[in-house]
Amino acid sequence: MDFKESLHQLIEERLASYLLVVVSNREPYIHTFSGDEIECLRPASGLTVALDPVMRAAAGVWIAHGSGDADRAVVDSSSRVMVPPENPQYALRRVWLSKEEEDGYYYGFANDAMWPLCHIAFTPPTFNEADWNTYKKVNSLFAEVILQEVGTNQAIILVQDYHFALLPRMIKAQNPQLIVGQFWHIPWPNYEIFRICPWQEEILDGLLGNDILGFHIQYHCNNFLETADRAIECRIDREKFAVIWGGKTTLVRPFPISVDFEALSAEASTGKVEREMKALRHRWGLGNKLVGIGIDRIDYTKGIPERLRALDRFFEKYPEYIGRMVFIQLGTSSRVRVEKYREINERIDHLVEEINRKYESASWEPIIYVKELASPVTLAALRRIADFCMVSSLHDGMNLVAKEFVSSRIDEDGVLILSQFCGAAWELSDALVINPYATDEFAETIKKAVEMPQEEKMVRMRRMREQVRENDIYHWGIALFSELAKLRP
Ligand code: GDG
């Protein structure tokens, strides 16, 4: 039996009498107007990509902020719509936020305070009291909607991410029967970093409303235990990996998130993807040039300038590759209302321009930078035509791009260059692991990637594929739901 079936079985046999509720800020499907038509888009976000298959299996309710301009046009009178549109399997309940609420809670506290606080990427967080108040208000707004959806049912609530640090405590206080778990998709910093947050105790109290708190890797769990130990008067049970606070226990566990390996592998060999590979080769005149790729949501934690600088150094040191190698960077912008995001976008634009100007000829430029949101087929095609893929995050909870690259390489070819600061580096030890800050070493690694003997590439890719196949997204869902199922009275 595969993981997908096992997950279905677990849900049907052990959790059948429970309503499963997932709560996240971002919705898995966004409806937008395109002229007179309504389009349904899937956003570029690791969280939604990973959880959608789990929710399809669980057939529960997903509560999220309705952010598309056509979102209201497709919901019923209780703000719900069944998704995915082509094969409805679960309910999406939309929560409506005003512009001020979205600014203060999402752009403000979540993305301009909590995100930089947790990612040790040397970007100082902005702690704005008005944003913090809006964050609290929106957390309680979601809490109300959850309690309304649950009613008198027995339910398991799976809260997603750093947008909702206060929510678990709020719902537990109202309904102590609920089983509440939270998955924190980003790193947890060490205490020295976390203690700069003026509202650290309230945040920890909120999170300790959870029965289970999950992170990607043990390292982040350890940081959390240490933070709780030093910031509040709680008790730490190091054997059980638990925090005891106000007489209640929160288990702290690693659940390394993943991708739908089988689906991505199957997609990679379809005619659609093969036609797209040809079209892309033609569009960018790739001929027999070496091709490197980077696929990111533009974010200062993803190490994109560091990657471009390493490419620059590579061409400087090894000019024989000028004209022979192309690097394609896909970068959809996000959170551009936050100044730091506008800055990183500008920095990348300048660097691309500068490096291209330095090396280009009439018929070639080293970096092709594409900013539009690409379709899943284009992404799959790109992963397949690449000789190497670069993931160079300065800090990253997991990083799904790395696992998607491996899943698409049905030919067992291609090299993954992976930052040691990604959660994924703990699992994908056959990648060429780099420190993105060490530009010279990084440049040498690019050389090693493009010159790696075929046999070695295959051995490494085969092992990485095995690793992701054995630990796919259903495996993650099973691990998480099994732990939650143990908490039933
Ligand atoms: C957070 C954590 C953790 C990218 N460009 C396009 C596109 N993408 C997709 C990728 C991938 C997803 O977006 C990005 O996932 P990541 O894992 O890299 O990063 P975050 O969004 O920062 O996610 C991260 C994740 O949560 C899950 O827990 O791994 O560490 O930071 O799936 O393929 N998708 C489409 N077009 C694009 O142009 N359709």
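Just so we're clear, the structure is a prediction, and the values are computed from it rather than from any experiment. Ligands are counted one by one from 1 in listed order, and the atoms in each one are counted from 1 as well.
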Starting at OH of Tyr219, measure out to SG of Cys221 and round the result to the nearest 0.5 Å.
12.5 Å
Would you mind listing every ring pair (Phe, Tyr, Trp, His ring centres under 6.0 Å) that reaches into residues 325-345, with sequence neighbours excluded?
Tyr300-Tyr341
Test the Arg94-Trp62 pair against the cation-pi criterion, namely NZ or CZ under 6.0 angstrom from the six-membered ring centroid and within 45° of the ring axis.
no
Strictly under 4.0 angstrom, heavy-atom based: which residues surround ligand 1?
Ala44, Ser45, Gly46, Leu47, Val49, Trp115, His185, His216, Ile257, Ile295, Arg297, Lys302, Thr332, Leu373, Ala374, Leu379, Asp396, Gly397, Met398, Asn399, Leu400, Val401, Glu404
Arg342: which residues meet the salt bridge (Lys or Arg N to Asp or Glu O under 4.0 Å) condition with it, sequence neighbours left out?
none
Anything under 3.5 Å between a donor and an acceptor, one on a side chain of residues 272-283, the other on a protein residue two or more places apart or in another chain? List them.
residue, atom, partner, partner atom, Å
Glu274, OE2, Arg384, NH1, 3.4
Glu276, OE2, Thr378, OG1, 2.8
Arg281, NH1, Gly287, O, 3.4

Electrostatic pair Arg462:Asp430 at N-O distance under 4.0 angstrom
no
